[in-house]
Novice: 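Attaching a single structure in structure tokens format; questions to follow.
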Amino acid sequence: MEDEEMHEVTVGHQGTLNFHVERTLRSPGTTIEDLTVTVELQGLRASKRVWDFDGWSALLSFFEGLAVNWRGWDGNKNFDSLEGDFRLSAKHDGHVRLSFELGEFDRPTPWAAKGELTLDPGEELTEAVEALRRLLAAPIK
């Protein structure tokens with residue numbers, strides 16, 4: 001039996017951030033240009049397809065930076081998607097507080113979902129980085 005191809009990564013446990021790749025939209029050998037980002041937190045659920053043109057290296061770098069500095073950092077570390085429709089901001093206070101904003105801002109009826117997830121520094125963050133690396137690097141068949 002073959003291993004199932006990885007299509008998504010979920011970060012967090014009390015509230016989640018999910019990154020999903022539609023493999024059917026990719027040509028073999030190409031980088032991932034879009035992720036469906038879904039946030040769930042205390043009755044809130046929002047989902048949107050978000051675009052990027054460098055294989056999501058900035059998103060991966062953002063999470064790698066959090067994992068490398070798991071003992072803490074000063075101020076906020078930030079990630080903004082190419083079109084500004086998905087933003088992350090992380091601060092450290094013994095836990096990693098990950099604020100998110102996901103939305104449609106250039107529509108006749110704009111919407112935004114905002115909230116904060118708490119991640120444990122260390123193992124939970126390391127596992128999230130490894131899973132994201134596999135997701136974003138996974139070749140399609």
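Numbering of residues begins at 1 and proceeds along the displayed sequence.
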Novice: State which residues pass salt bridge (Lys or Arg N to Asp or Glu O under 4.0 Å) with K48; sequence neighbours excluded, sorted by chain then number.
Specialist: D85, E104
Novice: Looking at every heavy atom in both G12 and L119, which two are closest together, and how far apart are they?
Specialist: CA-CD2, 3.5 Å
Novice: Quick one: hydrophobic cluster around F53, which other residues, with the 4.5 Å side-chain cut-off, linked directly or via members?
Specialist: L82
Novice: Only counting residues at least two apart or in another chain, list the ones meeting side-chain contact (heavy atoms from CB on, under 4.5 Å) with A113.
Specialist: V39, L44, A46, W111
Novice: Show me, pair by pair, the donor-acceptor contacts under 3.5 angstrom made by side chains of residues 86-94, not counting sequence neighbours?
Specialist:
unit_1: R87; atom_1: NE; unit_2: D80; atom_2: OD1; d: 3.1
unit_1: R87; atom_1: NH1; unit_2: G84; atom_2: O; d: 3.4
unit_1: R87; atom_1: NH2; unit_2: G84; atom_2: O; d: 3.3
unit_1: S89; atom_1: OG; unit_2: N78; atom_2: OD1; d: 2.8
unit_1: H92; atom_1: ND1; unit_2: G94; atom_2: N; d: 3.2
unit_1: H92; atom_1: NE2; unit_2: W70; atom_2: O; d: 2.7
unit_1: D93; atom_1: OD1; unit_2: H95; atom_2: N; d: 3.3
unit_1: D93; atom_1: OD1; unit_2: R97; atom_2: NE; d: 3.3
unit_1: D93; atom_1: OD2; unit_2: R97; atom_2: NE; d: 3.0

Novice: How long is the straight-line distance from CG of L60 back to CZ of F19, given to the nearest 0.5 Å?
Specialist: 10.5 Å
Novice: Measure across V50 and S81 and return the closest heavy-atom pair with its distance rounded to 0.1 Å.
Specialist: CG1-CB, 3.7 Å
Novice: State, to 0.1 Å, how close V9 and A128 come at their nearest heavy-atom pair, and which atoms those are.
Specialist: CG1-O, 4.4 Å
Novice: Just jot down the side-chain contact (heavy atoms from CB on, under 4.5 Å) partners of T10, sequence neighbours excluded, or say none.
Specialist: T16, N18
Novice: Where does the angle between the aromatic ring planes of W56 and F79 fall among parallel (under 30°), tilted (30 to 60°) and perpendicular (over 60°)?
Specialist: tilted
Novice: Can you tell me how far CG of D34 sits from NE2 of H20, rounded to the nearest 0.5 angstrom?
Specialist: 9.5 Å
Novice: Can V68 and W73 be said to form a side-chain contact (heavy atoms from CB on, under 4.5 Å), step by step?
Specialist: CA-CA 10 Å; V68 165; W73 59 84; over 6 Å; no
Novice: CD/E64 to CG/N69 distance, rounded to the nearest 0.5 angstrom?
Specialist: 11.5 Å
Novice: Show the nearest heavy-atom pair for residues L117 and L41, with the distance to one decimal.
Specialist: CD2-CD1, 4.0 Å
Novice: List the residues meeting side chain to side chain donor-acceptor pair (under 3.5 Å) with E83, not counting sequence neighbours, and say none if there are none.
Specialist: none
Novice: Please report the interatomic distance CD(E33) to CG(D54), rounded to the nearest 0.5 Å.
Specialist: 10.0 Å
Novice: Taking all atoms of both residues into account, what is the closest heavy-atom pair of S57 and D52, and its distance?
Specialist: N-OD2, 4.3 Å
Novice: Scan for salt bridge (Lys or Arg N to Asp or Glu O under 4.0 Å) pairs involving residues 37-47, sequence neighbours excluded, and state none if there are none.
Specialist: E40-R45
Novice: A67 and V129: which non-hydrogen atoms are nearest, and at how many Å?
Specialist: CB-CG2, 3.8 Å
Novice: Not counting sequence neighbours, which residues clear side chain to side chain donor-acceptor pair (under 3.5 Å) with S61? List them please.
Specialist: none
